[in-house]
Amino acid sequence: MIRDPELLNQLVDTIARFVRERLIPNEARLAEEDAVPAEILAEMKEMGLFGLSIPEEYGGLGLTMEEEALVAMEEEALVAMEIGKTSPAFRSVFGTNNGIGAQGILIDGTEEQKAKYVPRLATGEILSSFCLTEPDSGSDAASLRTTAVRDGDHYVLNGTKRYITNGPEADLFTVMARTDPDNKGAGGISAFIVEGNTPGLIRGPADNKMGQKGAHTCDIIFDNCRVPAENIIGGKEGQGFKTAMKVLDRGRLHISAVCVGVAERLVEESLRYTMERKQFGAPLAEHQLVQAMLADSKTEAYAGKTMVMDAARRKDDGENVSTLASCCKLFCAEMVGRVADRAVQVHGGAGYMSEYAVERFYRDVRLFRIYEGTTQIQQLVIARNMVREAS
Ligand code: COS
């Protein structure tokens with residue numbers, strides 16, 4: 001649902017200018033320092049980027065899913081028209097506050113929890129993070145082992161969370177932990193809001209990743225970490241797994257939009273390069289085998305965009321889009337992988353060199369097929385929902 005096209009256009013224009021004038025000139029620094037420069041972070045906060053999808057009553061811009069998807073795609077697409085070197089890490093720093101870091105509180109939190117934390121998430125005053133994955137629990141999220149034992153008016157958390165995005169810098173964590181030791185499945189899990197400075201919350205060293213430099217992950221270790229009982233999301237035990245799944249339904253749509261944006265960016269990169277470079281006496285873009293790759297990438301990016309916009313609209317209309325979100329994530333994450341592969345291919349030897357953006361994107365997009373549920377988990381969710389609905 002797009003509420004006011006003119007206002008949305010203004011927002012997209014402002015973001016485009018920011019990308020052109022501030023992000024692109026700082027890309028080399030981002031990669032070199034493996035960190036978003038402090039002044040860029042301050043400007044992102046100033047612009048309201050941390051609260052794009054947070055409701056207006058909590059100080060955000062309150063974008064609908066369709067608006068958010070458009071902005072998410074547009075950012076990448078607009079960058080594409082510029083010099084052509086940027087990193088999804090710029091988005092990652094504020095994306096979590098709009099997405100998996102804040103949505104657990106927004107979707108299932110009590111009014112008190114929302115009032116206490118969400119306004120500060122919307123301004124970027126605090127950074128957030130989502131702790132589900134563990135060393136022995138990834139795709140099988142319901143098997144998590146982190147425990148939360150009630151002790152008076154606190155819960156005591158023990159366990160390790162792994163590959164936690166924004167872990168090194170987050171001020172606020174949504175943590176899924178087992179409150180019922182006798183229930184080894186989803187029903188034994190609760191979600192907690194844990195402040196980053198709570199004694200017993202220990203951050204491991206930053207992970208050394210394949211790509212997405214500037215976006216950091218690490219282990220988060222809970223060692224007798226005492227969390228006020230009032231910080232259990234929604235005030236009820238046993239709801240945490242469902243909260244996590246609802247957060248991921250939304251997150252999967254957002255990631256799909258990002259995949260489409262990156263794919264459009266890569267199509268632009270591929271087109272520009274193949275129109276400039278000549279072989280056999282003509283630009284590469286006029287050779288039919290190259291044209292086939294350009295056309296396939298354009299078509300697939302368009303298909304992904306259409307899917308994401310449809311699912312986002314349905315979500316805004318109140319439909320349960322769990323299956324469709326997984327369809328989008330499955331298709332778009334795989335699609336951008338193919339598009340990135342073709343982008344390297346049409347660049348030839350240049351595509352293997354780090355001064356060309358496609359080399360970096362080739363590594364960056366690999367993550368889309370893994371996080372927020374692997375491709376195989378999306379297949380499982382889709383098929384299970386199909387069977388459930390039919391029976
Ligand atoms: N929304 C609301 N509730 C949901 C839900 C959703 N999207 N999906 C599942 N649930 C509920 C189920 O209805 C069920 O509730 P009841 O017990 O009341 O019936 C409960 O949650 C357990 O669901 P289910 O039995 O389907 O759980 P499983 O353990 O079989 O696993 C999968 C479900 C595999 C889909 C889940 O573990 C998953 O998504 N894994 C991937 C995790 C992931 O994405 N990790 C990435 C880390 S975050 S970057």
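Below, each value reflects all heavy atoms present in this structure, side chains not excepted, and no hydrogens, waters or symmetry copies. Start at 1 and go down the list; that is how both ligands and their atoms are numbered.
- Looking at Thr133 and Arg162, their side chains never bring a donor and an acceptor atom within 3.5 Å of each other.
- The nearest protein heavy atom to atom 15 (O) of ligand 1 is closer than 4.0 Å.
- Each of the following atoms of ligand 1 lies closer than 4.0 Å to a heavy atom of Asp249: 1 (N), 6 (C), 7 (N).
- Val260 and Val258 fall within a single hydrophobic cluster, where Ile, Leu, Val, Met, Phe, Trp and Tyr are joined by side-chain heavy atoms under 4.5 Å apart, directly or via other members.
- Counting only heavy atoms of the protein, atom 26 (O) of ligand 1 lies nearest to Arg384 NH2, 2.4 Å.
- Near Ala186, the atoms of ligand 1 lying under 4.0 angstrom from a non-hydrogen atom of the residue are 22 (C).
- Counting only heavy atoms of the protein, atom 21 (O) of ligand 1 lies nearest to Phe241 CD2, 3.5 Å.
- Of the listed residues (Thr133, Ile107, Asn320), the one carrying the non-hydrogen atom nearest atom 47 (C) of ligand 1 is Thr133.
- Two different hydrophobic clusters hold Leu63 and Val247 under the rule that ILVMFWY side chains link at heavy-atom gaps under 4.5 Å.
- Checked against a 3.5 angstrom limit, the closest N/O atoms of Gly373 and ligand 1 fall inside it.
- A single hydrophobic cluster is seen to contain both Phe173 and Ile232, as judged by linkage of ILVMFWY side chains at heavy-atom distances under 4.5 Å, directly or through other members.
- With a 4.0 Å heavy-atom cut-off, ligand 1 is reached by the side chain of Arg252 but not by its N, CA, C or O.
- The aromatic rings of His287 and Phe280 sit perpendicular to each other, their planes meeting at more than 60°, with 30° as the lower class boundary.
- Among Met245, Arg388, Glu372, the residue whose heavy atom lies closest to atom 6 (C) of ligand 1 is Met245.
- Arg150 places a side-chain N or O within donor-acceptor distance of the main-chain N or O of Gly152, the cut-off being under 3.5 Å.
- Of the N and O atoms on the side chains of Tyr163 and Glu134, not one donor lies less than 3.5 Å from an acceptor on the other residue.
- With no hydrogens or angles considered, a side-chain donor-acceptor pair links Thr243 and Asp108 at under 3.5 Å.
- Within ligand 1, counting atoms from 1 as listed, the ones closer than 4.0 Å to a heavy atom of Lys246 are 1 (N), 2 (C).
- For Ser322, the heavy-atom gap to ligand 1 drops under 4.0 angstrom.
- With respect to atom 18 (O) of ligand 1, the closest heavy atom belonging to the protein is Lys242 NZ, 2.8 Å.
- Donor-acceptor pairing under 3.5 Å is recorded for the side chains of Thr323 and Asn385.
- Every atom of ligand 1 is numbered from 1 in the order shown, and the set under 4.0 Å from a heavy atom of Ala142 is 29 (O).
- Not a single protein heavy atom sits closer than 4.0 Å to atom 12 (C) of ligand 1.
- Residue contacts with ligand 1, taken as heavy atom pairs separated by less than 4.0 Å, involve Leu248 solely via side-chain atoms from C-beta onward.
- Ser139 O, 3.3 Å is the protein heavy atom nearest to atom 37 (O) of ligand 1.
- In this model, a donor atom of one side chain and an acceptor atom of the other lie less than 3.5 Å apart for Thr375 and Glu334.
- The protein reaches atom 1 (N) of ligand 1 closely, with a heavy atom under 4.0 angstrom from it.
- Looking only at atom types and distance, the side chain of Tyr117 has a donor-acceptor partner in the side chain of Glu195 under 3.5 Å away.
- Those atoms of ligand 1 that come under 4.0 Å of a heavy atom in Val381, given as number and element, are 35 (C).
- Using a 4.5 Å cut-off between side-chain heavy atoms of Ile, Leu, Val, Met, Phe, Trp and Tyr, with links allowed through other members, Phe130 and Val194 fall into different hydrophobic clusters.
- Distance screen at 4.0 Å: atom 32 (C) of ligand 1 has no protein heavy-atom neighbour inside the cut-off.
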